K.L.:
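The structure is given below, and queries will be raised subsequently.
What you see below is based on every heavy atom in this structure, not just the backbone, and it leaves out hydrogens, waters and symmetry mates. Since this is a predicted model, take the numbers as computed values, not measurements. One-based numbering, in listed order, for ligands and for the atoms of each.
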Amino acid sequence: MQHLVDTYDFSEKQIANILKDARAFKKQMPSQLLRDKLLITLFFESSTRTRSSFEVAAKRLGAAVVHLDPAKSSTNKGESLEDTFANLCAMEPDGVIIRHEYNNTPRKLADKELTCVINAGAGNYAHPTQALLDYFTMLEHFGDLKGKTIAIVGDIVSSRVASSGIRLFTRMGMNVVLVAPQPFMPDNDLPKYEQLDDVIDNVDIIMSLRAQLERHKAPIFEDYEEYAKEYCITSERLGERNILLLHPGPVMRNIDISDEMLEDSRCKVLEQVKNGVFVRMAILKALLLDS
Ligand code: ASP
C-alpha cells in the first residue's frame with residue numbers, strides 16, 4: 001500500500017509522472033478517473049487552501065469525500081487518535097487525508113497499513129503536497145530548475161512547507177538558501193543569511209513564509225513592523241529583478257509581502273493555489289490508481 005507522508009515516499013519516476021499528469025490536467029480536465037473511490041479528510045489543525053484543494057481535486061476526479069471535524073468527533077470524548085482512525089478505516093475508505101500538529105502522526109497511522117494515508121501537513125516536519133505544487137509552479141515558469149536558487153525567507157524553523165520544500169528542491173538539483181532572523185532559523189547545513197539584501201542578486205525564486213506566532217511559546221518580536229522592515233517582500237526590495245515570488249498562504253499582508261507586490265506579475269501566490277488542485281489530482285491518481 002502506498003502512502004504519502006513525505007515526498008521521499010515517491011520515486012523520481014513517480015514525481016515526474018505526477019508533474020506530467022498535473023500539466024495534462026491543467027490543459028484539460030480529465031473524466032471521472034476516481035469515480036468509485038472514497039476519501040476521508042481529518043484535519044486537526046486549521047486549513048483554508050489545503051483542505052478545500054484536496055476536496056476539489058478529489059471531486060474533479062469523481063471521488064466522494066467525507067469530512068470529519070475533529071472538534072466535533074469522539075477524540076473530544078477521550079477516544080485516542082488511533083482508535084478514531086481505526087474506526088474510520090473500518091468504513092473502508094480508499095484513503096485518509098490527515099493534518100496534525102505532531103510531526104510523526106501521519107507516519108504512525110500509515111504504518112498500520114489500514115488505508116492509504118496522505119499527509120496534509122504535520123507539525124513543522126512535512127507538507128509534501130505543498131512542496132510538489134511549489135515545485136510544479138516553479139517548473140512551469142522556468143522549464144528547468146537544475147541549478148536554480150531559491151531563498152526561503154521568514155519563519156523557517158516553524159515551517160513544514162520549508163522542511164518539505166528543502167528536501168524536495170535539493171533532491172531535484174536546486175540550491176536552497178535560508179534568510180531569517182536568528183530565532184526563525186533552523187539548524188542545518190544550508191547557506192544562511194540574516195539579510196535578504198546580502199543574497200538577493202543571486203536568487204531566482206523567493207519563498208516568503210508566515211511568522212507562525214501560534215507555534216512559538218514566547219513572543220519573538222515585540223513589534224512586527226520591525227520584522228517587516230527587514231523581511232517583508234516589497235517592490236523596492238525586489239526592484240526590477242526577475243525573481244519569482246512564492247508563498248504557501250496565509251499571507252500576512254505588509255508583514256510577509258506588501259500589498260503592491262501581491263499584485264505584481266512576479267508574485268505567483270494564486271497560481272500556486274490554482275496549481276495545487278491539479279497537482280493534488282495527479283497525486284490522488286498516483287496513490288489510488290497507479291500504485
Ligand atoms: N498553510 C501552511 C501550512 O499549513 C503555512 C502556514 O500556515 O503558514 O503549513
K.L.:
Give a yes/no verdict on whether any heavy atom in P250 is under 4.0 Å from an atom of ligand 1.
P.N.:
yes
K.L.:
Evaluate the salt bridge (charged side-chain N to carboxylate O under 4.0 Å, His left out) criterion for residues D144 and K146: first the C-alpha distance (whole Å), next the side-chain angles of each, then the deciding distance (0.1 Å), finally the verdict.
P.N.:
CA-CA 6 Å; D144 182 15; K146 287 223 166 48; 5.2 Å; no
K.L.:
R160 heavy atoms, cut-off 4.0 Å: which ligand 1 atoms fall inside?
P.N.:
3 (C), 4 (O), 9 (O)
K.L.:
Taking all heavy atoms of A131 and all of T7, pick out the closest pair and write down the distance.
P.N.:
CB-CG2, 4.2 Å
K.L.:
Please determine whether a side-chain nitrogen of the Lys or Arg among E55 and R51 lies less than 4.0 Å from a carboxylate oxygen of the Asp or Glu.
P.N.:
yes
K.L.:
Looking at R99, which atoms of ligand 1 are within less than 4.0 Å of one of its heavy atoms?
P.N.:
4 (O)
K.L.:
Just by distance, with hydrogens left out, do D155 and S158 show a side-chain donor and acceptor under 3.5 Å apart?
P.N.:
yes
K.L.:
Compute the shortest N/O to N/O distance between G249 and ligand 1 and return yes if it is under 3.5 Å, no if not.
P.N.:
yes
K.L.:
Just heavy atoms, cut-off under 4.0 Å: does Q212 contact ligand 1 by side chain, backbone, both, or neither?
P.N.:
side chain
K.L.:
Using only heavy-atom distances, determine whether the side chains of S208 and D256 contain a donor-acceptor pair under 3.5 Å.
P.N.:
no
K.L.:
Can you tell me which residue and heavy atom of the protein come closest to atom 8 (O) of ligand 1, and the distance to 0.1 Å?
P.N.:
R210 NE, 2.7 Å
K.L.:
Using a plain distance cutoff, I'd like to know if H127 has any nitrogen or oxygen under 3.5 Å from a nitrogen or oxygen of ligand 1.
P.N.:
no
K.L.:
Answer yes if the ring centres of Y227 and F184 are under 6.0 angstrom apart, and no otherwise.
P.N.:
yes
